[in-house]
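One structure below.
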Amino acid sequence: MTPTIHLVRHAQGYHNLSVENEKLHDPDLTPLGEQQCRNLRAAFPHHARLTRLVASPMRRTLWTCIRAFGGDGDGGPIVALDTLQELSDQPSDTGSAVAVLAKEFGDAADLSRVRDGVWTDKLGDTPFEPTKDKIEARAREARRALRELAGVHTDGHIVVVTHGAFLHFLTDEFQDLPNGGATSWENCEYRSYQFADPTGADDGAAIVETDESWQRRRGDKPRLSQHDLDELRSVAQSRIVPRLKSSVRL
């Protein structure tokens, strides 16, 4: 018995419409994004098996989780994990204060794990500074938290709504990145994962995509070797990470 983690990129937000819109702080979903949530709700086959809903505390991820999954199954309030937030220090990738989120989402979101006053600080020497080491560290922290929330010896399903660029660090997989882009995940795309070590002894809580998920996306295409995955990681991170700080963005 091992839990299944369904990772989801949020629906389209206003910041996705243009580079200029990246200056919008913690933006909402577009009308198309709201329709993407409805489409995902209709297409997702595991609503009845969900035991937990988890999301980044950013508004677009919380709203995606509510509109695509809220009210179905037995997921309870959405557990917000600040480690799941997006990478850069742009206003669109910087969250809102806990009090602001609590007023907007009420009982729909459990914000008790969000470090108020810290999770929104991406410009100083904080756990959320957009550097390679700190991003990898919080990806590990996020996987360990998901393992705790899912439970190791269960066959439950949990949904985790997060962000396109961070998903590559969370999964440690950088395949198919487009030229000039930071993610290969489409808005409202979901992929399914399980923990590589079913005993829960793996300190990094590594995850691997399930065969069903891989075949749904890629058909009979073979998976890459670990050597090729490592090469892709090195190349992708060397391109993405230097652009995450506005002060050094080209």
- [ ] Start with the C-alpha distance between Lys245 and Asp89, add both sets of side-chain angles, then the distance that settles salt bridge (Lys or Arg N to Asp or Glu O under 4.0 Å), and finish with yes or no.
- [x] CA-CA 6 Å; Lys245 287 190 175 185; Asp89 63 7; over 6 Å; no
Task: Asp26 side chain to Ser96 side chain, donor-acceptor N/O pair below 3.5 angstrom - done: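 Yes.
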Open item on the list: Looking only at side-chain N and O atoms, does Ser112 offer a donor or acceptor that is under 3.5 Å from a partner on Asp110?
Closed with: yes
Under 3.5 Å, is there a donor-acceptor pair between the side chain of [X] and the main chain of [Y]?
X	Y	answer
Thr51	Gly156	no
Thr162	Leu84	yes
Ser238	Val235	yes
Asn16	Gly13	yes

- [ ] Given side-chain contact (heavy atoms from CB on, under 4.5 Å), test Asp202 with Arg143 step by step and report yes or no.
- [x] CA-CA 11 Å; Asp202 171 18; Arg143 290 192 299 270; over 6 Å; no
Do [X] and [Y] have side-chain heavy atoms sitting under 4.5 Å apart?
X	Y	answer
Phe105	Ile66	yes
His163	Arg9	no
Phe128	Asp121	no
Leu177	Ile240	yes

Open item on the list: Tell me whether Leu232 shares a hydrophobic cluster with Val208, the cluster being built from Ile, Leu, Val, Met, Phe, Trp, Tyr side chains joined at under 4.5 Å.
Closed with: no
Task: Trace of the salt bridge (Lys or Arg N to Asp or Glu O under 4.0 Å) decision for Arg223 with Asp228 - done: CA-CA 10 Å; Arg223 302 194 192 218; Asp228 288 341; over 6 Å; no
- [ ] Would you check, one step at a time, whether the test side-chain hydrogen bond (donor to acceptor under 3.5 Å, both in side chains) holds for Gln85 with Ser56?
- [x] CA-CA 5 Å; Gln85 67 174 292; Ser56 156; over 6 Å; no
Open item on the list: Quick one, Arg60 with Asp93, criterion salt bridge (Lys or Arg N to Asp or Glu O under 4.0 Å). Give me CA distance, side-chain angles, the key distance, then yes/no.
Closed with: CA-CA 10 Å; Arg60 58 186 180 270; Asp93 290 341; 2.9 Å; yes
How long is the straight-line distance from [atom2] of [Y] back to [atom1] of [X], given to the nearest 0.5 Å?
X	Y	atom1	atom2	value
Thr83	Glu141	OG1	CD	5.5 Å
Lys134	Leu87	NZ	CG	14.0 Å
Leu244	Glu129	CG	CD	11.0 Å
Arg52	Ile158	CZ	CD1	8.0 Å
Leu53	Phe69	CG	CZ	8.0 Å

Task: Glu148 and Arg144: CA distance, side-chain angles, deciding distance, salt bridge (Lys or Arg N to Asp or Glu O under 4.0 Å) verdict - done: CA-CA 6 Å; Glu148 173 207 337; Arg144 289 194 292 263; over 6 Å; no
Task: Where Val114 and Pro57 come nearest, the two heavy atoms and their spacing - done: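 Looking at all heavy atoms of both residues, the shortest contact is CG2-CG, 3.7 Å.
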Task: Trace of the side-chain contact (heavy atoms from CB on, under 4.5 Å) decision for Leu149 with Leu81 - done: CA-CA 11 Å; Leu149 288 167; Leu81 296 181; 4.2 Å; yes
Can you sort out the partners of [X] under ring-ring contact (aromatic ring centres under 6.0 Å, His included), two or more places apart, ordered by chain and number?
X	value
Phe195	none
Phe174	His168, Phe169
His46	His6, Phe44, His157

- [ ] Determine, stepwise, if the pair Arg67 / Leu40 fulfils side-chain contact (heavy atoms from CB on, under 4.5 Å).
- [x] CA-CA 9 Å; Arg67 288 169 173 156; Leu40 177 57; over 6 Å; no
Task: Cation-pi, Trp119 ring and Arg115 (6.0 angstrom, 45 degrees) - done: no
Open item on the list: If you count heavy atoms of other groups shown closer than 6.0 angstrom to CD of Glu186, is the number above 12?
Closed with: no
